Number of protein chains: 2
Amino acid sequence: MQNPTISFELYKIFYHAAATLNFSKAAESMHVTQSAVSQAIKSLETQLGIPLFFRQGRSVSLTHEGEILFAHIEKAFHFIRSAEISMQNIKSLDEGTVFIGASDTITRYFLMDAIKAFHLAYPRVKLSINNRPSPRSVEKLKNGELDLAVINLLPDSDYEGLEGVSLTTLEHIFISSSPVSAVPVTLKTLSQHPLVCLERKSTTRRILEQFFATNEVIWEPAFEFGSFDVILEAVKASMGIGFVPRKIAAALIEAGELSEVTIKEPIPSIEIGIMVNKSKPLSLAAKKYLEILKNTGV
Amino acid sequence: MQNPTISFELYKIFYHAAATLNFSKAAESMHVTQSAVSQAIKSLETQLGIPLFFRQGRSVSLTHEGEILFAHIEKAFHFIRSAEISMQNIKSLDEGTVFIGASDTITRYFLMDAIKAFHLAYPRVKLSINNRPSPRSVEKLKNGELDLAVINLLPDSDYEGLEGVSLTTLEHIFISSSPVSAVPVTLKTLSQHPLVCLERKSTTRRILEQFFATNEVIWEPAFEFGSFDVILEAVKASMGIGFVPRKIAAALIEAGELSEVTIKEPIPSIEIGIMVNKSKPLSLAAKKYLEILKNTGV
DNA sequence: TAATGATATAAGTTTATCTAATCGTAAGTC
DNA sequence: GACTTACGATTAGATAAACTTATATCATTA
């Protein structure tokens with residue numbers, strides 16, 4: 001006798017009936033009639049083959065077996081209630097997490113304002129920022145680990161299953177501690193100076209290599225560092241000419257601590273884009289973050 | 001927006017779907033079609049207003065929110081499952097408790113065999129024997145604390161709401177350490193001897209008092225004790241003539257350690273009966289115990 | 001004794017759930 | 001690359017479950 005399992009809905013009704021020990025009040029609290037509760041309880045008792053209540057006159061009480069059942073169902077009920085509260089909170093942005101992938105650089109220079117604004121607007125929603133190089137973020141996006149990723153859009157990459165929009169253009173410049181020339185110099189001229197750049201696997205480095213290759217200039221970096229911070233310091237210390245996104249050097253150039261070295265050849269720029277997984281529905285929180293990110297004029 | 005609450009049944013379906021991450025398999029395990037699961041999940045997502053799964057191609061996975069929901073629902077599910085297992089066990093007499101009320105004396109001399117037999121037959125079912133005087137057992141029976149009570153049936157008691165059957169008749173006799181007379185003596189004669197009897201509130205004592213009163217014989221006990229064991233010892237020590245249920249003295253009379261003192265006047269006897277609460281359904285275990293009790297020739 | 005407060009029951013209706021059939025799509029296979 | 005398989009979505013109609021209304025029943029209380 002493989003029984004057609006008992007509907008969980010009956011347990012909900014049982015919970016209310018057992019908790020109040022009054023079918024009419026239980027019915028009221030569930031917005032149904034007393035008759036419905038009465039029938040549901042009867043059905044549960046029949047299906048279990050065990051009487052759960054005993055009715056004496058106008059009051060009902062639990063049988064011993066009913067109490068055993070209630071002890072279990074009560075716990076189950078509370079877990080379901082807390083599940084529903086959790087879902088409520090997620091909807092009202094009172095809890096939840098947005099999983100974001102982005103490189104260190106992008107996080108620091110493009111996401112920070114949005115992160116701050118989001119936290120101000122929805123202080124209970126966590127932002128889990130996964131700092132990985134763009135290709136890793138793309139992977140994680142594809143297998144659903146991330147809600148969204150802000151990455152360097154590379155023309156030859158495989159973005160199947162994803163979709164996104166360009167957020168901004170990342171312009172690169174050369175910088176030095178003091179002006180090199182009043183007029184733009186050629187790349188060839190520039191390559192005579194020691195160059196300070198990011199380590200090999202980075203996007204910025206790839207841009208740089210491609211730039212030299214396209215213009216058929218032989219070069220070699222004098223220094224390689226892991227972060228733009230260190231590069232800026234190195235350039236300030238006159239160790240050489242640096243290659244960084246304009247945005248990163250902007251403040252220091254403004255302050256007169258660094259100078260831009262203009263180049264005759266047009267420096268390639270790259271797109272920064274927001275990507276999401278086409279088949280993964282965006283949570284409300286993620287949508288809100290996206291909104292803020294797009295509005296926080298980058 | 002006071003929402004018509006979500007059917008718990010949907011959570012059951014969600015549990016299976018999330019646990020297998022395969023709607024078809026989940027459907028199979030619930031003996032429904034894949035379509036039903038698909039629709040139920042969709043309905044749950046709609047009602048919650050939160051996507052729970054993301055479908056990419058032929059595989060589904062949980063969204064972050066889906067995982068949060070699952071974490072809760074999983075626990076609830078297990079509690080319900082254990083509730084159902086408990087109910088199963090109760091039905092198969094693999095667990096459960098029978099609550100029985102009876103006086104010490106009745107328990108010892110009338111229930112013990114049945115208790116042993118029951119325990120042998122259903123070793124996992126507990127017997128909770130509540131040893132109280134009969135009137136207390138009747139009270140507890142009325143308010144549902146007991147499944148059944150074995151009590152002295154007194155003609156003037158209020159057994160409303162209860163029902164029961166007579167189990168046996170409790171015959172009382174007088175006993176002494178050695179034969180008093182070859183022929184029955186009168187109650188008056190007997191009252192000349194020191195009498196050893198049970199304490200005032202007991203049923204046996206009441207019977208005795210009533211017996212003397214009916215026959216208009218003035219008397220006073222020489223000794224009052226709290227249990228029949230002590231009375232038997234006192235009589236054996238020739239401290240006086242005792243008044244006890246025949247059943248209790250039978251073995252000792254048989255062994256020649258005590259003698260019955262026969263009386264001219266007919267000694268009243270009392271009925272011992274099994275009572276249950278009319279409106280409280282008997283558990284299967286209680287039914288089985290009753291059965292055994294009735295068959296264990298008392 | 002009548003009124004009240006509670007549950008049970010019967011009949012009919014509504015609603016929710018399920019099935020069957022079909023489609024769409026990604027992933028394997030030859 | 002075409003074929004096949006595995007899986008989920010969708011639709012429409014069928015079925016069963018759940019609910020409501022109305023009434024009966026019963027014990028308590030006024």
Side-chain angles (χ1 to χ4, degrees), chain A residues 3-14 16-18 20-47 51-63 66 142-144 158 160-162 277-281, chain B residues 3-14 16-47 51-63 66 142-144 158 160-163 277-281:
Chain A
N3 38 351
T5 61
I6 293 173
S7 167
F8 276 16
E9 187 63 1
L10 289 183
Y11 292 122
K12 175 159 82 192
I13 297 173
F14 170 75
H16 287 285
T20 59
L21 288 178
N22 180 323
F23 291 5
S24 302
K25 296 235 174 75
E28 200 180 333
S29 80
M30 288 183 284
H31 312 291
V32 294
T33 60
Q34 167 266 319
S35 178
V37 173
S38 200
Q39 292 175 61
I41 296 299
K42 188 180 167 191
S43 162
L44 182 59
E45 288 178 319
T46 307
Q47 290 183 60
L52 301 170
F53 292 92
F54 61 103
R55 293 89 164 155
Q56 28 191 11
R58 71 188 191 188
S59 78
V60 292
S61 14
L62 285 167
T63 61
K142 281 183 179 171
N143 66 30
D158 169 23
E160 207 190 296
L162 307 182
N277 184 321
K278 256 192 277 190
S279 58
K280 175 169 182 174
Chain B
N3 37 352
T5 60
I6 293 173
S7 167
F8 276 16
E9 186 62 2
L10 289 183
Y11 292 123
K12 176 160 80 192
I13 297 172
F14 170 75
H16 287 286
T20 59
L21 289 178
N22 180 322
F23 290 6
S24 301
K25 295 234 175 74
E28 199 180 332
S29 81
M30 288 183 285
H31 310 293
V32 294
T33 60
Q34 167 265 318
S35 176
V37 173
S38 198
Q39 291 174 65
I41 296 299
K42 188 181 168 189
S43 162
L44 181 59
E45 289 179 319
T46 307
Q47 290 183 62
L52 302 170
F53 290 92
F54 61 102
R55 292 89 165 156
Q56 27 190 13
R58 70 187 187 192
S59 78
V60 293
S61 14
L62 286 166
T63 61
K142 282 183 178 170
N143 67 29
D158 170 22
E160 208 190 296
L162 307 183
E163 67 183 346
N277 186 320
K278 257 192 279 192
S279 58
K280 177 170 180 174

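We use all heavy atoms of the structure for the numbers below, so side chains are in, but hydrogens, waters and symmetry mates are not. Only a predicted model underlies this, so the values are computations on that prediction, with no experimental measurement involved. Here is how names work: the chains are called A, B, and so on, in the same order as the sequence lines, proteins then strands, and each is numbered from 1.
Here dT17(C) presents its P atom at 12 Å from CD1 of I41(B), a figure rounded to the nearest Å. Atom NZ in K42(A) sits roughly 15 Å away from atom P in dT7(C) (whole-Å rounding). The separation between E9(A) atom CD and dT17(C) atom P is 8 Å, rounded to whole Å. In this structure, the CG atom of L52(A) is 16 Å from the C1' atom of dT7(C), given to the nearest Å. With rounding to whole Å, N22(A) atom CG is found 10 Å from dT7(C) atom C1'. In this structure, L21(A) places its CG atom 14 Å from C1' of dT7(C), rounding to the nearest Å. Distance F54(A) CZ to dT7(C) P: 14 Å, rounded to the nearest Å. dA20(C) atom P lies 13 Å from atom CD of Q34(B), rounded to whole Å.
A salt bridge between E9(B) and K12(B) is present, with a side-chain N of the basic residue lying under 4.0 Å from a carboxylate O of the acidic one.
Looking at the side chain of V32(A), the nearest of the listed nucleotides dA9(D), dC18(C), dC19(D) is dC19(D). Closest to the side chain of T33(B), from the set dT19(C), dT29(D), dT7(C), is dT19(C). Nearest nucleotide to the side chain of K25(B), out of dC7(D), dA20(C), dA27(D): dC7(D). Comparing dA9(D), dT7(C), dC19(D) by their nearest atom to the side chain of A36(A) picks out dC19(D). Checking dT10(D), dT28(D), dA8(C) against the side-chain heavy atoms of S38(B) singles out dT10(D) as nearest.
Here NE2 of H16(B) is found 10.5 Å from CD1 of I41(B). Values are rounded to the nearest 0.5 Å.
When each of S59(B) and A40(A) is assigned the nucleotide of DNA chain D bearing its nearest heavy atom, the one mapping closer to the 5' terminus is S59(B).
The shortest non-hydrogen separation linking V60(A) to L21(A) is CG2-O, 3.5 Å. Residues Y11(A) and L44(A) approach most closely at CE2-CD1, 3.9 Å, considering heavy atoms.
For DNA chain C, runs of at least 3 consecutive pairs of the Watson-Crick or G-U wobble type, with both hydrogen-bonding distances under 3.5 angstrom, map to C:1-30 with D:1-30.
Among the protein residues, V60(A) comes within range of the sugar-phosphate backbone only, with heavy atoms under 4.0 Å from sugar or phosphate atoms but none that close to a base. Using a 4.0 Å heavy-atom cutoff across all strands shown, S24(B) reaches sugar-phosphate atoms only and no base atom. Within the nucleic acid shown, Q39(A) comes within 4.0 Å of at least one base atom, counting heavy atoms only. Nucleic acid contact class of Q56(A) (heavy atoms, under 4.0 Å, all strands): none.
Counting heavy atoms from C-beta outward, S35(A) and Q39(A) have side chains that approach closer than 4.5 Å.
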Which donor-acceptor pairs under 3.5 Å do side chains of residues 23-30 of chain B form with protein atoms, sequence neighbours excluded?
from   : atom 1 : to     : atom 2 : distance (Å)
S29(B) : OG     : A26(B) : O      : 2.9

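Looking only at distances, no side-chain donor or acceptor of K280(A) sits under 3.5 Å from a matching main-chain atom of F54(B). Remark: the backbone N or O of F53(A) is paired with a side-chain donor or acceptor of E45(A) at under 3.5 angstrom.
For dT21(D), its base sits under 3.5 Å from the side chain of S35(A) at one donor and acceptor pair at least.
Taking 4.0 angstrom as the limit, R55(A) places none of its side-chain polar atoms (N or O) nearer than this to OP1 or OP2 of dA6(C).
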